[in-house]
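One structure is given here, and the rest of the page talks about it.
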Amino acid sequence: MTLQLDVSAAEAILAREKPRRVVLNAPDGLMPLTRRFAREMEARNPQLETILIADPTYGSCDTVDGDAQRLNADLAFHVGHNITLPKLGRLTYTIDVWDDIPFDTVASEAAKVFRSRGFGTIGLVSFAQYLRSLEPVSAILRKAGLETLIGKGAGQLHDGQVFGCEFYPAFNIREKVDAMAMLGQSSFHALGVCLSTGKPTFMLDPHLGEVTDVQPLADERLKRAILSIYKARDANSFGVVICLKEGQMMPEQSMKLKRRLESFGKRAELIALREVTPDRINSIGGLDAFVQTGCPRISTDGYTFSKPVLSVPQTEALFKVLSGETLERDFLERHHWL
Ligand code: SF4
């Protein structure tokens, strides 16, 4: 595997903008590459000062434009989320990172799995680093006698790209395919694809050469998400959390949810947090449950909260339950979870 940062795009921005100070942020897995890039930029541009912001970043929703302004930087590089937009906010440029690991072995293995399961048409999706592998994998599957589809991009998403919360290219082709193949070592993305499309979804891991059916894990996460909704139904008091991350802050939506909760006779108060973690939630006493308008995956993945902490689609499902409607198991089958 070789990770390649788009140095020429970054150098073109530096040559045009001539910054004195540049702030960088990147996901943890790309931090060593980004640090090395910062050192190299300074070596090539002696007047340049770089500052790496080492807080966690989980998506293009998690930029540091405001921090760059407070640090008197002239611009910021947000590394590795490979979106369609070259610029976000006032100072932030997006810099792509690609992984050229071959998918040949795992794609051939996947073709065998799909044929053995009787699937004829496969939808292909991936996340940032592996988008360039979609076409080569498609060619391998076609050569093995399968049909393939890569959905059109939308908004920040390239063709075939998914985020953990946004699934347009997968969702829009779900009626035309028998199963989805998610390229890359990320059960996080594969789970999202499975739950948002309602299709059998397989993760193609090029590192281990393994093809994994994520349905059992998706069933478990869905069960957990539903359980939280039913626990929240019985709550009297709610914290409505506005997430302070730059691309996740939706105060108007939070206020709408608060008013809706109050219309069902619940007590609700607005709370703002940057990191919605069990520690921070536990530090807020006197509330029975929470809803949050930040990253929806906080509510269903990773953390185990001692009280219900619902995402936006879960909260909308809660409103249905409170209105006396039946909660259908497909409430996460939508193109966007915000
Ligand atoms: S909101 Fe969450 S899932 Fe969506 S892009 Fe941001 S970090 Fe990823």
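Values in this document were obtained by computation on a predicted structure and should not be read as measured data.
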### Task
State whether the side chain of K258 and the backbone N or O of L261 hold a donor-acceptor pair below 3.5 Å, judged by distance alone.
no
### Query
So E275 and R280, salt bridge (Lys or Arg N to Asp or Glu O under 4.0 Å) or not? Walk me through it.
CA-CA 8 Å; E275 297 287 342; R280 297 318 305 148; over 6 Å; no
### Query
Is NZ or CZ of R174 both nearer than 6.0 Å to the six-membered ring centre of F171 and within 45° of the ring axis?
yes
### Query
Does E328 come within less than 4.0 Å of K320, counting only side-chain N to carboxylate O?
no
### Under 3.5 Å: donor-acceptor pair, side chain of E42, backbone of T50
yes
#### Entry: Salt bridge R259-E262, side-chain N to carboxylate O under 4.0 Å
no
### Step-by-step salt bridge (Lys or Arg N to Asp or Glu O under 4.0 Å) determination, E316 to R334
CA-CA 12 Å; E316 288 169 3; R334 46 201 268 182; 2.7 Å; yes
### C165 to L338 - nearest heavy-atom pair and separation
SG-CD1, 4.4 Å
### Task
Give a yes/no verdict on a cation-pi contact between R267 and F238, requiring under 6.0 Å between NZ or CZ and the six-membered ring centre and an angle within 45° of the axis.
no
### Message
Checking T63 against T92 for the side-chain hydrogen bond (donor to acceptor under 3.5 Å, both in side chains) test, could you report, in this order, the C-alpha distance in whole Å, the side-chain angles of both residues, the deciding distance, and whether it holds?
### Response
CA-CA 8 Å; T63 46; T92 302; 5.2 Å; no
### The single option from L134, V137, I173, V125 passing side chain to side chain contact (heavy atoms under 4.5 Å, CB included) against I150
L134
### Query
If you measure from the Lys or Arg side-chain nitrogens to the Asp or Glu carboxylate oxygens, is any gap between R35 and E40 under 4.0 Å?
no
### Message
Can a side-chain donor-acceptor contact be found between N282 and S306 if the only test is distance below 3.5 angstrom?
### Response
yes
### Query
Less than 4.0 Å between a side-chain N and a carboxylate O, is that true for E49 and R20?
no
### Query
Taking the six-membered ring of F188, is NZ or CZ of R297 closer than 6.0 Å to its centre and within 45° of its axis?
yes
### Query
Between R221 and D301, is there a salt bridge with N-O shorter than 4.0 Å?
yes
### Message
Quick check: F127 with F163 (ring centres under 6.0 Å apart)?
### Response
no
### Task
Using a strict 4.0 Å threshold on nitrogen-to-oxygen distance, state whether K245 and D62 make a salt bridge.
yes
### Task
Output yes when R117 and D178 qualify as a salt bridge under the 4.0 Å nitrogen-oxygen rule, no when they do not.
no
### Task
Output yes when a side-chain donor or acceptor of R21 lies under 3.5 Å from a complementary backbone atom of L71, and no otherwise.
yes
